[in-house]
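Encoded as structure tokens, the structure appears first; notes follow it.
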Amino acid sequence: MKILIINGSPRKQGVTAQILHIIEKNILTRDGTEVSYIHIADLNILPCNGCCSCYKTGRCYQQDDAEKLSEMIALSDGIVIGSPTYVSNISGQLKVFLDRGHFVIEQLLHNKYAIGIVTGENYGSRAAGRILSDVLTYSGAKISGKLICNLPFNSTLCAHTDVQRKACGLADQLVHDIEYKKQYRIQSIIHKILFYGGIKPFVKKKGDSYAGVVHKWNQLNI
């Protein structure tokens with residue numbers, strides 16, 4: 001069982017990272033689990049320039065850490081993504097990767113289990129949480145759970161046992177879902193509507209210019 005945890009915050013010891021490390025430690029106590037923890041701000045990821053060449057070739061012409069991280073996701077059974085809230089959205093560092101990471105159109109998360117973690121200080125975190133959840137859903141993931149957590153900036157989780165408990169519960173759920181291949185029927189229906197009603201017809205109209213996308217779908221058997 002391979003699980004990838006991505007800290008989308010620029011801060012290595014912030015609230016987002018603290019929650020992700022709780023999940024990491026919980027998962028590592030299980031036999032047969034392999035966990036990789038990535039601090040996205042340490043990576044060299046260039047912005048997407050909108051050339052769309054990846055849709056034809058299946059790879060971005062910019063061979064940097066975005067491509068390497070996408071390959072790690074492709075080899076994982078589960079993924080945990082965390083982000084702080086910036087201007088009612090996910091962090092810029094995470095957004096740059098999502099723009100580059102072959103997510104929605106190429107269905108990078110097809111049949112993978114996922115958890116989204118969003119932290120913030122006010123109501124903007126809910127908007128950021130919806131954005132992250134939408135990316136996971138549109139990209140084909142099965143969402144095992146999510147956590148939207150509002151805490152003061154520079155908080156430590158030592159005094160917030162409820163957050164620690166919820167983080168441990170999410171780790172338990174993710175491992176359980178992967179092990180027993182849990183099916184989320186409503187999520188599956190929503191994804192099929194999005195994919196077969198929107199994404200697939202759009203790609204088919206593009207012909208050879210989206211050949212790389214169709215090739216990846218064939219590899220994923222979708």
Side-chain angles (χ1 to χ4, degrees), residues 4-6 8 38 40 43 45-83 85-118 126-146 148 184 186-222:
L4 177 64
I5 299 176
I6 299 176
I38 299 295
I40 205 163
L43 304 183
I45 300 179
L46 298 171
C48 174
N49 67 9
C51 73
C52 296
S53 64
C54 61
Y55 294 149
K56 185 172 184 177
T57 65
R59 296 187 65 86
C60 180
Y61 79 93
Q62 302 181 101
Q63 292 300 303
D64 58 11
D65 290 333
E67 292 297 291
K68 296 175 184 177
L69 186 51
S70 294
E71 290 174 3
M72 291 180 68
I73 292 174
L75 296 174
S76 298
D77 301 298
I79 180 171
V80 182
I81 302 180
S83 175
T85 300
Y86 292 163
V87 198
S88 298
N89 207 326
I90 58 176
S91 72
Q93 290 87 347
L94 181 58
K95 181 64 167 62
V96 168
F97 171 61
L98 295 181
D99 289 345
R100 283 278 312 283
H102 309 286
F103 277 87
V104 176
I105 296 295
E106 296 172 61
Q107 297 291 284
L108 180 64
L109 301 180
H110 177 69
N111 272 340
K112 297 184 185 299
Y113 292 91
I115 289 175
I117 306 292
V118 171
R126 292 189 178 276
R130 286 194 296 271
I131 289 169
L132 183 55
S133 292
D134 283 348
V135 170
L136 298 178
T137 298
Y138 298 162
S139 302
K142 299 174 182 177
I143 301 178
S144 296
K146 63 181 180 181
I148 299 174
Y184 288 93
I186 294 178
Q187 289 188 38
S188 178
I189 292 171
I190 292 172
H191 177 257
K192 285 181 179 179
I193 292 172
L194 292 168
F195 181 75
Y196 291 103
I199 297 172
K200 189 172 183 178
F202 170 79
V203 169
K204 289 294 187 181
K205 290 179 182 178
K206 295 292 186 175
D208 290 342
S209 62
Y210 275 53
V213 174
V214 175
H215 177 68
K216 286 194 173 183
W217 289 353
N218 291 335
Q219 289 181 320
L220 294 171
N221 195 30
I222 59 175

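For reference, positions follow the sequence shown, starting with 1.
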Spell out, as yes or no, whether a donor-acceptor pair under 3.5 Å connects the side chain of [X] to the backbone of [Y].
X    : Y    : value
R100 : Q62  : yes
Q187 : I143 : yes
S139 : L108 : no
S70  : A66  : yes
K112 : A74  : yes

Separation between [atom1] of [X] and [atom2] of [Y], rounded to the nearest 0.5 Å:
X    : Y    : atom1 : atom2 : answer
L94  : I40  : CG    : CD1   : 5.0 Å
I45  : K68  : CD1   : NZ    : 11.0 Å
I81  : I90  : CD1   : CD1   : 8.5 Å
I105 : W217 : CD1   : CH2   : 7.0 Å
S144 : L136 : OG    : CG    : 10.5 Å
N111 : K142 : CG    : NZ    : 4.0 Å

Is there a side chain to side chain contact (heavy atoms under 4.5 Å, CB included) between E71 and R59? Walk through the geometry before answering.
CA-CA 10 Å; E71 290 174 3; R59 296 187 65 86; 3.1 Å; yes
Which residue in the set I38, I6, V96 passes side-chain contact (heavy atoms from CB on, under 4.5 Å) when paired with L43?
I38
Between [X] and [Y], which heavy-atom pair has the shortest distance, and what is it?
X    : Y    : result
L46  : D64  : N-OD2, 2.9 Å
Y86  : G92  : CD1-N, 4.1 Å
G116 : L132 : CA-CD2, 3.8 Å
A127 : S88  : CB-O, 3.6 Å

Has N218 got more than 12 heavy atoms of other residues, nucleotides or ligands less than 6.0 Å from its CG?
yes
Heavy atoms from other residues, nucleotides or ligands near CD1 of I186 exceed 12 (cutoff 6.0 Å):
no
Between [Y] and [X], is there a side-chain heavy-atom distance shorter than 4.5 Å?
X    : Y    : value
K200 : Q107 : no
L4   : L69  : yes
K56  : K206 : no
I73  : F103 : yes

For a quick check under 3.5 Å, do H110 and Q219 share a side-chain donor-acceptor pair by atom type?
no
Is any NZ, NE, NH1 or NH2 atom of the basic residue among K95 and D99 found under 4.0 Å from an Asp or Glu carboxylate oxygen of the other?
yes
Can you name the salt bridge (Lys or Arg N to Asp or Glu O under 4.0 Å) partners of K216, sequence neighbours left out?
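For K216 the salt bridge (Lys or Arg N to Asp or Glu O under 4.0 Å) partners, ignoring immediate neighbours, are E106.
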On the 0 to 90° scale, with breaks at 30° and 60°, tag the F202-Y210 ring pair as parallel, tilted or perpendicular.
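Answer is perpendicular, since the angle exceeds 60°.
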